[in-house]
Amino acid sequence: MVAQLLRLKLRLLGNVFRRSPWQVVGLSLAIVYGLGMSVLLFLVLVGLRGADDVALVRDVLTVAGAATVVGFIVVPLVFGVDDTMDPRRFALFGIPDRSIALGLAVAATLGVPAVALAIVMTGTVVTWSRGFGIALIAILAAALGFVTCILAARLAAGVAGLLLETRRARDVGTVLGVLLLVMLAPLIVALTTVDWAASGRRVLGTIAQTLSWTPLGAAFAVPGDAASGAWGPAVLKLLIAGATVWLAWLAWRALVSRMLITPGREASSRSYHGLGWFGRTPSGPTGAIAARSTTYWFRDARYWVSLLMVPVTPVLVMLPLGIAGVPQMYLALIPVPVICLLLGWILHNDTAYDNTAVWLHVATGVRGAADRFGRLVPVLVAGILVIGIGSAVTVFVQGDWRLLPSLLGVSTALLLGGLGIGSITSAAMPYPVVKPGDSPFQQPQSTGALTALVQSVTMFGSLLIAAPAIGFATLGIIDDPAWHTASLAAGVGLGLIAVAVGVWSGGRVFDRRGPEIVAAAVRA
């Protein structure tokens, strides 16, 4: 059975090269790059064989090995894989679960990631070939590390196949993966700020020591401990690595048994009663468009994925500033304005998200101003809530209510300025976006120059409109608190003017360019 599955995997790999010539060329380049990098790492590991600092080599390889195991787990779960050897494909052949599990695990060793990993693990054996006993235990540890990565990848792919089979589930999984990577940013930045020349060795040793006693890094630390003369810890970590492989094998067998009797998941259908948001908004074109836009924000993955990314951005802005030494009182003033800036910017190409459905607006003779304002309603409501609640919480935490007018003024100017400019750009210069029903992470074909121009104009235009409010707020902080009132007046006044001019001007552009907007949607 194992031989049959190996032949099947080889046939599937061979069929990859029967695609179009350009696909074959791209795939060949990717394979050459991956194998080339693994050979380069192999040579580096061979060069480390003569290194005198055994402890440093052990720590580096332990951390790198643990990161490799995590990569084999995370990539299938977060980004998904096209698993051509899914166990459910063999459910009707009456093959014993154990045979399928063993055959698929062995077949997983035939692939570019597995081959590259095998080359690198062979390099670690050369690194620790500093005596017969050490070389023997290095071979055993490398084999356990290799099997751990393969089984981890199979388990992750199987779990992803069970839980992330529907498109919506895959989108949610990808969003969670991206959020996880973003949440790791503080750790990465913290590591980059460590004075590695003075204390880096100690930090690396602490991390490696911790990982070496876990299933992630035990196998990679074994030969290093043996080479250092610590045979007791080496044997214990070897037992941990062996137990990890055994438990992973039992989990893989159980997962295969479950998948063989579990049908593929389908997207569950939901029934909706009543008119939804259309029954809650005023009648007329503006109310209908506002209801349709609100429905999009709740149901369309392209919208809510973008919305989930908005609160993460202030963290990425505050982190480097905090490390650079910016006082805490100034950092606390950043989140609400940044969120408002992104909320106002997010609608700069909203018309394109309608795709061909925008013809309804043109064919029914909807006034451009009604279209422009209706699209702003859901974001405007969300922005008002963010400004009101966020500003109150910020000044409460700061303990200085004198900052409230400036925070309200700057945030309002950024939100309304972006909405006003976006009302014009989404009608005048729509560019291709992800089509309805596609993954929000799919890259559409687009002219990069137009995309960058529209995004930049909206972003910097919002900042320009809010510049007076920002200036008065700065004066209020460093000079006289009386300037905070001027910041509120300037921010609210310029924001209202910007959104009014934007809706009026964008509406006229929409009325004039209706056919061109429909044509652009069809081409996209």
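Worth saying up front: this structure is predicted, and the values here are computed from it rather than measured. Side chains included, hydrogens not; waters and symmetry mates left out as well; all remaining heavy atoms used.
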(message) Set out, in order, the CA-CA distance, both residues' side-chain angles and the distance that settles side chain to side chain contact (heavy atoms under 4.5 Å, CB included) for Ser423 and Leu376, then state yes or no.
(response) CA-CA 8 Å; Ser423 297; Leu376 305 185; 3.6 Å; yes

(message) If you define the side chain from C-beta out and look only at heavy atoms, does anything of Trp297 sit under 4.5 Å from Val379?
(response) yes

(message) Quick one, Thr148 and Pro215 - any side-chain contact, counting heavy atoms below 4.5 Å?
(response) no

(message) Has Arg513 got a side-chain atom pairing as donor or acceptor with Ala428's backbone, closer than 3.5 angstrom?
(response) yes

(message) Ignoring hydrogens, what is the shortest heavy-atom contact between Gly417 and Ser462? Give both atom names and the distance.
(response) C-OG, 3.8 Å

(request) Go through the steps to decide whether Thr351 and Arg372 satisfy the test side-chain hydrogen bond (donor to acceptor under 3.5 Å, both in side chains), and finish with yes or no. (result) CA-CA 9 Å; Thr351 304; Arg372 300 292 88 189; 2.8 Å; yes

(message) Treating Ser212 as the side-chain partner and Gln209 as the backbone partner, does any N or O pair qualify as donor plus acceptor under 3.5 Å?
(response) yes

(message) If you compare all heavy atoms of Leu331 against all heavy atoms of Pro335, which two are closest, and at what distance to 0.1 Å?
(response) O-CD, 3.4 Å

(request) Indicate the atoms forming the closest heavy-atom contact of Leu414 with Pro337, along with that distance. (result) CD1-O, 3.3 Å

(request) Identify the heavy atoms of Ala218 and Ile240 that sit nearest to each other, and give their distance. (result) CB-CG2, 3.8 Å

(request) Determine whether more than 12 heavy atoms belonging to other residues, nucleotides or ligands lie under 6.0 Å from atom CZ of Phe510. (result) yes

(request) Take the angle between the ring planes of Tyr353 and Tyr303 and call it parallel below 30°, perpendicular above 60°, tilted in between. (result) tilted

(request) Could you tell me whether the side chain of Ser406 and the main chain of Leu403 form a donor-acceptor pair under 3.5 Å? (result) no

(message) Less than 4.5 Å apart, side chain to side chain, heavy atoms only: is that true for Thr412 and Leu494?
(response) no

(message) Are the side chains of Asp371 and Pro285 in contact, using a 4.5 Å heavy-atom criterion?
(response) no

(message) Please give me the minimum heavy-atom distance between Met429 and Leu453, naming the atom from each residue.
(response) SD-CD2, 4.4 Å

(request) May I ask you to decide if His484's main-chain N or O and Arg402's side chain share a donor-acceptor pair within less than 3.5 Å? (result) no

(message) What's the separation between atom OG1 in Thr68 and atom CG in Leu216, rounded to the nearest 0.5 Å?
(response) 10.5 Å

(request) State the CD1-CG distance between Ile346 and Leu415, to the nearest 0.5 angstrom. (result) 11.5 Å

(request) Find out whether Ile387 and Leu408 are in side-chain contact, i.e. whether some heavy atom of one side chain is under 4.5 Å from a heavy atom of the other. (result) yes

(message) Can a donor-acceptor pair be found, under 3.5 Å and without considering hydrogens, that links the side chain of Ser426 to the backbone of Asn349?
(response) no

(message) Testing the basics here: between Ile424 and Gly506, what is the closest heavy-atom pair and its distance to 0.1 Å?
(response) CG1-N, 3.9 Å

(request) Please confirm whether the backbone N or O of Gln455 pairs with a side-chain atom of Trp345, one donor and one acceptor, at under 3.5 Å? (result) yes

(request) Check the surroundings of atom CH2 in Trp483: do more than 12 heavy atoms from other residues, nucleotides or ligands lie under 6.0 Å from it? (result) no

(request) Please report the C-alpha distance between Tyr296 and Asp354 in whole Å, then the side-chain angles of each, then the deciding distance to 0.1 Å, and finally whether the side chain to side chain contact (heavy atoms under 4.5 Å, CB included) criterion is met. (result) CA-CA 10 Å; Tyr296 281 176; Asp354 284 1; 3.4 Å; yes

(message) Tell me whether Asp511 contacts the main-chain N or O of Gly368 through its side chain, where contact means a donor paired with an acceptor under 3.5 Å.
(response) yes

(message) To the closest 0.5 Å, what do you measure between OG1 (Thr394) and CH2 (Trp401)?
(response) 10.0 Å

(request) Kindly compute the distance separating CH2 (Trp359) from OG1 (Thr364), expressed to the nearest 0.5 Å. (result) 8.5 Å

(message) Keeping Thr281 on the side-chain end and Gly287 on the backbone end, is there a donor-acceptor pair under 3.5 Å?
(response) yes

(message) As an exercise, state the distance from CZ of Arg292 to NE2 of His361, rounded to the nearest 0.5 Å.
(response) 3.5 Å

(request) Determine, step by step, whether Ile517 and Val362 satisfy the side chain to side chain contact (heavy atoms under 4.5 Å, CB included) criterion, reporting the C-alpha distance in whole Å, the side-chain angles of both residues, the deciding distance to 0.1 Å, and the verdict. (result) CA-CA 9 Å; Ile517 292 175; Val362 178; 5.6 Å; no

(message) What's the separation between atom CD1 in Ile421 and atom CD1 in Ile465, rounded to the nearest 0.5 Å?
(response) 4.0 Å

